[in-house]
Amino acid sequence: MAPRVVLVTGCSSGIGLSTARRLAQDPDQRYLVIATVIAMAEKAELVAAVGDATDKTIFIKEMDITKDEDITRVVDDVIKTHGRIDILINIAGVPAIFLPERASRTAIESIFNVNTIGTIRLTQTVLPHMKQKKAGKIISFSSIAGKQGFPYSDFYSASKFALEGFFESLLSTVQSFNIRVCLIEPTLVKTRMLPSGLSEYNALINDDTIHEIDRRQLKVIYEIASGFPALSADDVVDVLMTKCVEVDDPVFRHLVVSAEDKEAIGEAVADLTGEKSIAALRKLIGAE
């Protein structure tokens, strides 16, 4: 059987790099990986990770998902070279921690351009080819913050909530074309985004122009996040592979959290009034 052609975004580090490596080093060589990075200057860590697989089972391409011309160029090249894209894995994303009223329009647009619009535009570009073949799988990374809002991550949560709505709507129609859609919703993961986020929290905590109530709540979150048993990127890739990539008919959502957190989140989001979810979040930040 010919290897499945897999297009993966966000491969310079973290979950994207771990995903690309796992696929490229598959012992049975079941996958041919097109791994994208925002700039070729950022490929060194990926090249080191995949070793001899470079230009054999993995090919690295430059693609900025906020640029339609990059998306078109890469997708057209993959189709021309390999004839199809069997699996699209949308991983590229950026963190965002703000005092909500202080985020500029430019900052908000930047977050959505990567986390939401870029992912949607790439999916749009791949979709006609999958529909023509009447086969394909689209896997996208949301977040626990796309399942339940998270304090001071308002815009990150919003960008992931938007993805959830898009892909839930999409799945309802593309199943008729034998296309499957999956969302991965992980909790905190040990990637470069985690220390970056902690640094942003710390900067806000030490900003004396911010109201003391916000600073107190930010400090509670910072302390929780600092001591949280975050997952490794490989932990998340295990779920991606076993629950989505290697399954012919996967379920739509995969919440990658502890059993205890999964139960609590399930109870909160099942409350149609939203009050349980808000109460849980206010408890999280130590609010009275």
Side-chain angles (χ1 to χ4, degrees), residues 1-11 13-36 46 49-54 56-61 75 78-79 82-93 119 122-123 126-127 129-144 146-147 163-164 167-168 170-172 174-187 189-191 231-259 262:
M1 181 181 293
R4 286 184 280 179
V5 179
V6 188
L7 176 58
V8 188
T9 68
C11 297
S13 65
I15 296 171
L17 186 151
S18 294
T19 298
R21 180 181 61 212
R22 180 78 65 90
L23 292 166
Q25 295 179 342
D26 179 69
D28 298 319
Q29 296 188 351
R30 293 173 294 170
Y31 309 103
L32 192 155
V33 187
I34 313 301
T36 69
L46 175 59
V50 301
D52 293 341
T54 304
K56 294 176 183 176
T57 57
I58 184 168
F59 299 86
I60 303 172
K61 303 286 185 182
V75 171
V78 175
I79 297 299
H82 304 288
R84 67 194 190 281
I85 295 172
D86 297 306
I87 304 173
L88 169 63
I89 306 180
N90 292 304
I91 301 177
T119 295
L122 177 56
T123 301
V126 170
L127 202 52
H129 303 286
M130 289 186 172
K131 282 187 169 183
Q132 185 178 18
K133 296 287 185 181
K134 289 189 172 60
K137 191 176 290 181
I138 299 169
I139 305 168
S140 296
F141 272 72
S142 177
S143 166
I144 187 175
K147 191 72 173 175
L163 272 189
E164 298 255 346
F167 284 109
E168 183 169 339
L170 182 69
L171 175 58
S172 66
V174 299
Q175 273 193 341
S176 302
F177 292 87
N178 194 36
I179 298 169
R180 297 296 182 259
V181 178
C182 284
L183 287 178
I184 307 291
E185 303 164 326
T187 185
V189 184
K190 296 172 187 173
T191 68
L231 300 172
S232 71
D234 286 338
D235 290 333
V236 180
V237 176
D238 285 342
V239 175
L240 167 70
M241 295 297 297
T242 59
K243 301 294 186 181
C244 294
V245 174
E246 297 173 348
V247 178
D248 290 335
D249 192 15
V251 300
F252 176 47
R253 285 190 173 94
H254 301 271
L255 188 60
V256 190
V257 299
S258 68
K262 186 175 291 187

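What you see is a predicted model; the values in this text were computed from it and never measured.
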Please enumerate all residues that pass salt bridge (charged side-chain N to carboxylate O under 4.0 Å, His left out) together with [X], with sequence neighbours excluded.
X: R84; answer: D86
X: D249; answer: R180
X: R22; answer: D238

What are the two closest heavy atoms between [X] and [Y], and how far apart are they?
X: G14; Y: T191; result: CA-CG2, 3.9 Å
X: A20; Y: L46; result: CB-CD1, 4.0 Å
X: H254; Y: V251; result: NE2-O, 3.0 Å
X: K137; Y: V247; result: NZ-O, 2.5 Å

With side chains defined as the heavy atoms from C-beta onward, is the minimum distance between [X] and [Y] less than 4.5 Å?
X: L32; Y: F59; answer: yes
X: M130; Y: V174; answer: no
X: E168; Y: F252; answer: yes
X: R21; Y: D234; answer: yes
X: V8; Y: Y31; answer: no
X: V256; Y: V189; answer: no
X: L255; Y: R253; answer: no
X: V126; Y: I138; answer: no

From [X] atom [atom1] to [Y] atom [atom2], the distance as rounded to the nearest 0.5 Å:
X: N178; Y: D248; atom1: CG; atom2: CG; result: 9.5 Å
X: I15; Y: K190; atom1: CD1; atom2: NZ; result: 13.0 Å
X: L122; Y: N90; atom1: CG; atom2: CG; result: 5.0 Å
X: T19; Y: L240; atom1: OG1; atom2: CG; result: 5.0 Å
X: F141; Y: T119; atom1: CZ; atom2: OG1; result: 11.5 Å
X: I34; Y: L7; atom1: CD1; atom2: CG; result: 7.0 Å

- Query: For A49, does its backbone N or O pair with a side-chain atom of Q25 as donor and acceptor, under 3.5 Å?
  - Reply: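 It does hold such a pair.
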
- Item | T9 side chain vs A92 backbone, donor-acceptor pair below 3.5 Å |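 Pair found, side chain donor or acceptor close to backbone of A92.
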
- Message: Can you confirm whether D52 is buried at CG, in the sense that more than 12 heavy atoms of other residues, nucleotides or ligands lie under 6.0 Å from that atom?
- Response: no

- Query: Would one find more than 12 heavy atoms of other residues, nucleotides or ligands at under 6.0 Å from atom CD of Q132?
  - Reply: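 Check fails, neighbour count at 12 or below.
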
- Message: Which residue is it: S143, S142, C244, S140? I am looking for the one with a side-chain contact (heavy atoms from CB on, under 4.5 Å) to I184.
- Response: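 When S143, S142, C244, S140 are each tested with I184, the side-chain contact (heavy atoms from CB on, under 4.5 Å) holds only for C244.
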
- Query: What residue among L23, I89, I87, I60 forms side-chain contact (heavy atoms from CB on, under 4.5 Å) with V33?
  - Reply: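 That would be L23; it is the only one of L23, I89, I87, I60 passing the side-chain contact (heavy atoms from CB on, under 4.5 Å) with V33.
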
- Message: Please evaluate residues H129 and V75 with respect to the criterion side chain to side chain contact (heavy atoms under 4.5 Å, CB included), reporting the C-alpha separation (whole Å), side-chain torsions for both, the decisive distance (0.1 Å), and the verdict.
- Response: CA-CA 10 Å; H129 303 286; V75 171; 4.0 Å; yes

- Item | Under 3.5 Å side-chain donor-acceptor pair for Q29 and T57 | no

